[in-house]
Structure formats: C-alpha cells, structure tokens
Amino acid sequence: FPWRFVLAVAAGGAALVIVLHIVGGRNVPRGPDGLVGPGSCVALDAVGAAYEVDCATPHVGVARELVPFDAACDSDTVAVRDRQGMGTVCLEQ
C-alpha cells in the first residue's frame with residue numbers, strides 16, 4: 001500500500017484548505033430567505049399578510065414565533081397570517 005503517496009495527498013489537501021481559507025473573502029451577511037421565523041423582521045403586503053424583509057428596511061415588527069392556524073399567539077403579540085400559508089406569525093411591535 002503506497003503510504004507515502006496517501007500521506008502526501010492528505011498533506012497537500014490540508015495545505016490547500018488552509019490556503020483557501022486564508023485568501024478567501026469575508027462572509028457577507030445574507031439577506032432574508034423569504035421564510036418567516038423567530039427573529040425575522042416582517043412587513044405586510046397589500047392584503048395584510050406577513051412576509052420577511054431585511055431588518056435595515058422599514059418593517060412593522062419582529063416575529064416572535066410562527067404558530068399553526070388553530071393556535072393562539074401570546075397576548076402581548078399581534079397575530080398576522082403568513083403570506084406563504086404556513087401559519088400565523090406572532091409579531092412583537
């Protein structure tokens with residue numbers, strides 16, 4: 001079994017990963033992915049349904065949780081229908 005070759009390939013691969021990590025760019029913050037979840041900034045569309053937006057843009061509130069249609073939100077939040085039909089968004093304003 002060619003142990004020297006295997007070790008050389010492993011060392012070369014590790015060196016390549018380290019070099020690519022060093023010269024690679026910084027992580028760019030990702031924008032909204034379109035799925036409302038806890039901590040998502042939310043705006044309302046023309047029919048009053050909630051959708052996710054970037055927190056740097058104007059928004060009506062932050063989603064505390066997404067609950068099923070038959071569940072109730074906490075009393076200190078506002079219930080708004082999710083635009084994708086996944087449930088009710090409980091908004092903190």
Side-chain angles (χ1 to χ4, degrees):
F1 191 74
W3 287 105
R4 291 182 188 163
F5 177 72
V6 171
L7 290 175
V9 169
L16 179 66
V17 168
I18 291 170
V19 168
L20 289 176
H21 176 70
I22 291 171
V23 299
R26 298 282 181 210
N27 290 340
V28 178
R30 294 184 299 168
D33 60 358
L35 297 174
V36 176
S40 297
C41 293
V42 173
L44 301 178
D45 63 8
V47 295
Y51 64 97
E52 185 181 21
V53 294
D54 189 8
C55 291
T57 62
H59 55 280
V60 295
V62 177
R64 179 183 293 176
E65 61 183 337
L66 181 67
V67 297
F69 289 114
D70 59 346
C73 290
D74 294 336
S75 62
D76 61 337
T77 61
V78 176
V80 180
R81 184 181 62 86
D82 178 35
R83 181 165 71 177
Q84 294 181 337
M86 297 178 65
T88 301
V89 179
C90 301
L91 289 180
E92 297 176 338
Q93 293 183 337

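Fair warning: this is a prediction, and the values are worked out from it, not measured in the lab.
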Compare every heavy atom of [Y] with every heavy atom of [X], then report the nearest pair and how far apart it is.
{"X": "V53", "Y": "A43", "result": "CG1-CB, 3.7 Å"}
{"X": "L66", "Y": "G87", "result": "CD1-C, 4.1 Å"}
{"X": "V36", "Y": "A63", "result": "CG1-CB, 3.9 Å"}

Point-to-point distance, once rounded to the nearest 0.5 Å, from [atom1] of [X] to [atom2] of [Y]:
{"X": "D82", "Y": "T88", "atom1": "CG", "atom2": "OG1", "result": "8.5 Å"}
{"X": "S40", "Y": "D33", "atom1": "OG", "atom2": "CG", "result": "7.0 Å"}
{"X": "R83", "Y": "E52", "atom1": "CZ", "atom2": "CD", "result": "10.5 Å"}
{"X": "L91", "Y": "C41", "atom1": "CG", "atom2": "SG", "result": "10.5 Å"}

Between V47 and R81, is any pair of side-chain heavy atoms under 4.5 Å apart?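 Heavy-atom side-chain distance check passes, below 4.5 Å.
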
Is the shortest side-chain heavy-atom distance between T77 and E65 below 4.5 Å? no

Check against side-chain contact (heavy atoms from CB on, under 4.5 Å), M86 and L35: CA-CA 9 Å; M86 297 178 65; L35 297 174; 4.2 Å; yes

Verify same cluster id: [X], [Y] (apolar side-chain graph, 4.5 Å):
{"X": "V42", "Y": "V80", "answer": "yes"}
{"X": "L44", "Y": "Y51", "answer": "no"}
{"X": "V60", "Y": "V89", "answer": "yes"}

Check: Q84 side chain, G34 main-chain N or O, donor-acceptor pair, under 3.5 Å: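 Yes: the side chain of Q84 pairs with the backbone of G34.
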
Has the side chain of D74 got a donor or acceptor atom that lies under 3.5 Å from a matching backbone atom of D76?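 Not at all, since once roles are kept as given, no pair shorter than 3.5 Å links the two residues.
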
